Amino acid sequence: MVALLALSTAQAAPAPFAVALSAGDTALKCGAATTPVLKFSGTPPSGTKSYAIIFWDQSSSALSGRWLVFDLPLGTTQLKAASASMLSVAGGKAATNEANQAGYTAVCAKGRHDLYIDYYALDVASLNLPAGAPLQTLHSAIKRHKLQEAKAHLVWPVK
């Protein structure tokens, strides 16, 4: 497991609010049938009732939401590898990504990709959205309920 840069954009927390991704995670490889393994740490701000993540891929030509998970309950410390098409994730839900697929889609386009994970502490237990909700709907709901955000970054070359 490689800890990635985590930044707080809101209230200060006693321990850094962070997310980590395994740099050698086979789920990052094109055609992967499983989701990446993510670990969460730190102390969320007071009033946190749930978590959400948006896993982004930025290449030289596009920005794409690859995996979107929301309504993760308090106490969630990791997302284990699971089927990429699962809509139920660790007690939470997965949304439809920009490839128009429910769940996770690995990066396949050749070249350098900057992978980002946005990890959110939210002030509601549920965003009241169905599993499979579209990215734009989910992102708007997260922005309305965000207490704190941590960001992680990994460079992933596809040959």
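Remember, it's a predicted structure, so these values are computed and weren't measured experimentally.
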>> Ignoring hydrogens, what is the shortest heavy-atom contact between Pro45 and Leu147? Give both atom names and the distance.
In response: CG-CB, 3.7 Å
> Taking side chain as C-beta onward, heavy atoms only, is Thr105 less than 4.5 Å from Asp57?
Replying inline: no
>> With disulfide (SG to SG under 2.5 Å) as the rule and sequence neighbours excluded, what pairs involving residues 116-159 come up?
In response: none
>> Ignoring hydrogens, what is the shortest heavy-atom contact between Val89 and Ala94? Give both atom names and the distance.
In response: CG2-CB, 4.1 Å
> Tell me, which pairs form a disulfide (SG to SG under 2.5 Å) where one or both residues lie in residues 126-159, sequence neighbours left out?
Replying inline: none
>> Holding to side-chain contact (heavy atoms from CB on, under 4.5 Å), I want the full list of residues that pass it with Ser83, two or more places apart in sequence or in another chain.
In response: Ser85, Met86
> Is the Tyr116-Phe55 ring centre distance short of 6.0 angstrom?
Replying inline: no
>> My understanding is that only residues two or more places apart in sequence, or in another chain, count here; which of them pass side-chain contact (heavy atoms from CB on, under 4.5 Å) with Pro73?
In response: Thr76
> Does some side-chain heavy atom of Arg112 sit less than 4.5 Å from a side-chain heavy atom of Val155?
Replying inline: yes
> side-chain contact (heavy atoms from CB on, under 4.5 Å) with Ser50: which residues, sequence neighbours excluded?
Replying inline: Leu122
> Would you say the side-chain atoms of Trp56 and Asp118 include a donor-acceptor pair closer than 3.5 Å?
Replying inline: yes
>> With rounding to the nearest 0.5 angstrom, report the OG1 to CG distance, Thr48 to Leu74.
In response: 7.0 Å
>> Testing the basics here: between Thr34 and Ala81, what is the closest heavy-atom pair and its distance to 0.1 Å?
In response: CB-CB, 4.5 Å
>> Test: disulfide (SG to SG under 2.5 Å). Region: residues 129-159. Which pairs qualify, not counting sequence neighbours?
In response: none
> Mind checking whether Val69 and Lys93 have side chains closer than 4.5 Å, heavy atoms only?
Replying inline: no
> With Gln136, which residues qualify under side chain to side chain donor-acceptor pair (under 3.5 Å), at least two apart?
Replying inline: none
> Quick one: are Ile54 and Ile142 in side-chain contact, heavy atoms under 4.5 Å?
Replying inline: yes
>> Quick one, Asn97 with Leu68, criterion side chain to side chain contact (heavy atoms under 4.5 Å, CB included). Give me CA distance, side-chain angles, the key distance, then yes/no.
In response: CA-CA 7 Å; Asn97 63 33; Leu68 313 112; 3.7 Å; yes
> How are the rings of Tyr104 and Trp67 set to each other: parallel, tilted or perpendicular (split at 30° and 60°)?
Replying inline: perpendicular
> Just by distance, do the side chain of Thr35 and the backbone of Ala82 share a donor-acceptor pair under 3.5 Å?
Replying inline: yes
> What's the shortest heavy-atom distance between Leu87 and Gly103, and which atoms?
Replying inline: CD2-N, 4.2 Å
> Does anything in residues 89-119 pair up under disulfide (SG to SG under 2.5 Å), and if so which pairs, sequence neighbours excluded?
Replying inline: Cys30-Cys108
>> Tell me every residue that passes ring pair (Phe, Tyr, Trp, His ring centres under 6.0 Å) with Phe70, counting only those two or more places apart in sequence or in another chain.
In response: none
> Short question: side chain of Gln78, backbone of Leu38 - any donor-acceptor pair under 3.5 Å?
Replying inline: no
> Rounded to the nearest 0.5 Å, how far does NE2 of His113 lie from CZ of Arg66?
Replying inline: 7.5 Å
>> For residues 122-139, which residue pairs pass the salt bridge (charged side-chain N to carboxylate O under 4.0 Å, His left out) check, not counting sequence neighbours?
In response: none
>> Applying salt bridge (charged side-chain N to carboxylate O under 4.0 Å, His left out) as the test, list every pair that has at least one member in residues 128-145; sequence neighbours left out.
In response: none
Run the side-chain donor-acceptor check on residues 124-133: report pairs under 3.5 Å with partners two or more places apart or on a different chain.
| unit_1 | atom_1 | unit_2 | atom_2 | d |
| --- | --- | --- | --- | --- |
| Ser126 | OG | Asp71 | OD2 | 3.0 |
| Ser126 | OG | Asn128 | N | 3.0 |

> Are Tyr120 and Tyr51 close enough, and set up right, to give a ring-ring contact (aromatic ring centres under 6.0 Å, His included), and what steps lead you there?
Replying inline: CA-CA 5 Å; Tyr120 302 94; Tyr51 304 107; over 10 Å; no
> Taking atom CD1 of Ile117 and atom CG of Leu154, what is their separation to the nearest 0.5 Å?
Replying inline: 7.5 Å
>> Which heavy atom of Asp114 sits nearest to which heavy atom of His153, and what is that distance?
In response: OD1-NE2, 2.6 Å
> Do the side chains of Leu115 and Leu28 get nearer than 4.5 Å, heavy atoms only?
Replying inline: yes
